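These notes concern the structure reproduced below.
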Amino acid sequence: MPQTRVQAIKRIVPIMTGWGECHREHRSGSRLPKMWWALTSKSWVRIPLLAFAIEHKDGLILFDAGMDPAIEADPNYVSSPIGRMFLKRLFRFHITPGDALGKQLAAHGFDPADVRKVVVSHLHWDHIGGIADVPQADLLVSRPEWQQLSAKNPERNWILKDHIEVPGAKWQPIDFVPNNDAILASFSEAYDVMGDGSLMVLPTPGHTPGSLSMLARSEGLPPLLFVGDLTFGVDLLMKDQVSGTGDPVMLRSSFAKVRALKKQLPDLIILPSHDDRSLDAMTTLYRRTD
Ligand SMILES: [Zn+2]
């Protein structure tokens, strides 16, 4: 481990921007066609809407920016009627104005104006809804994800223009570069967020074409891998069970790379964005290290 990584990260805090429910088939997959379960399922499972605040010695970094409470308040949050119909069919939300990213950061003792960078796992609305609360931050997104904006109707892929075209937003599509860190060998490419190896972004496509994960390594912490929506539960990833959305072939390829990383780092903690166990894992971690 390079010397510079020593105590690079002081603290990591899960930031809950409300919670929701999705269908069991959405979370854990189904043999039925997606359209079938999307229109008929009656089973709902709870999902938290998480982002993570990382206190790095060189500044405050976020992994994702959470949900926008406007989804509850604004009937035209999604502009197309068919999009609104699917939104209602696929999700139930429980979000209050106090769940907004800026308010949640403040509730945890952070000043939103201190956020230096947001590493965006992917461009779905529940991961970039709080961008307007941190307008000064550099917004790092993978280039394949960014290229989705050139598709005909990005809203069809749950990418809302209003969250992208925030006045002053400093979007920075990033390019992965070949990495020669033997521990990350299952990933041929990576992106070093802070230049010290403590926060390494890794391509994990599947949920969307440009989805990414981020590995945090620092003295005093077990390695942590933020995986966004690559999976809705670590148990699912370990048994190769893909969710009901996304590209199953790409998901399984990314799963295999994450499992290979876990072999390299047996104490690796994998943190999906929509799993209450991610919250529990962070609570346990700090109870252990306090
Ligand atoms: Zn999500």
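Note that the coordinates shown come from a computational prediction; the quantities given were computed from them, not determined experimentally. Both counts, for ligands and for their atoms, begin at 1 and track the order of listing.
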Taking the N/O/S atoms of [X] one by one, which is nearest to the Zn ion (ligand 1)?
| X | value |
| --- | --- |
| Asp229 | OD2 |
| Asp126 | OD2 |
| His274 | NE2 |

Would His127 count as a contact for the Zn ion (ligand 1), in the sense that one of its N, O or S atoms lies under 2.8 Å from it?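 Coordinating: yes.
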Taking 2.8 Å as the cut-off, does His122 contribute an N, O or S atom near the Zn ion (ligand 1), distance below it?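 No, since none of the N, O or S atoms of His122 sits under 2.8 Å from the Zn ion (ligand 1).
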Can you find a side-chain donor-acceptor pair between Asp126 and His274 that sits under 3.5 Å?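 There is such a pair between these side chains.
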Any side-chain donor near an acceptor of the partner, Ser121 and Asp64, under 3.5 Å: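 A donor-acceptor contact under 3.5 Å links the two side chains.
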Electrostatic pair Arg252-Asp240, nearest N-O below 4.0 angstrom: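 Result for this pair is yes, salt bridge flagged.
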So, Asp267 and Lys262, do they make that salt bridge, N to O below 4.0 Å?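 Salt bridge absent between Asp267 and Lys262.
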Suppose we call two aromatic rings close when their centres sit under 6.0 Å apart. Are Phe93 and Trp125 close by that rule?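 Between Phe93 and Trp125, the centre distance is under 6.0 Å.
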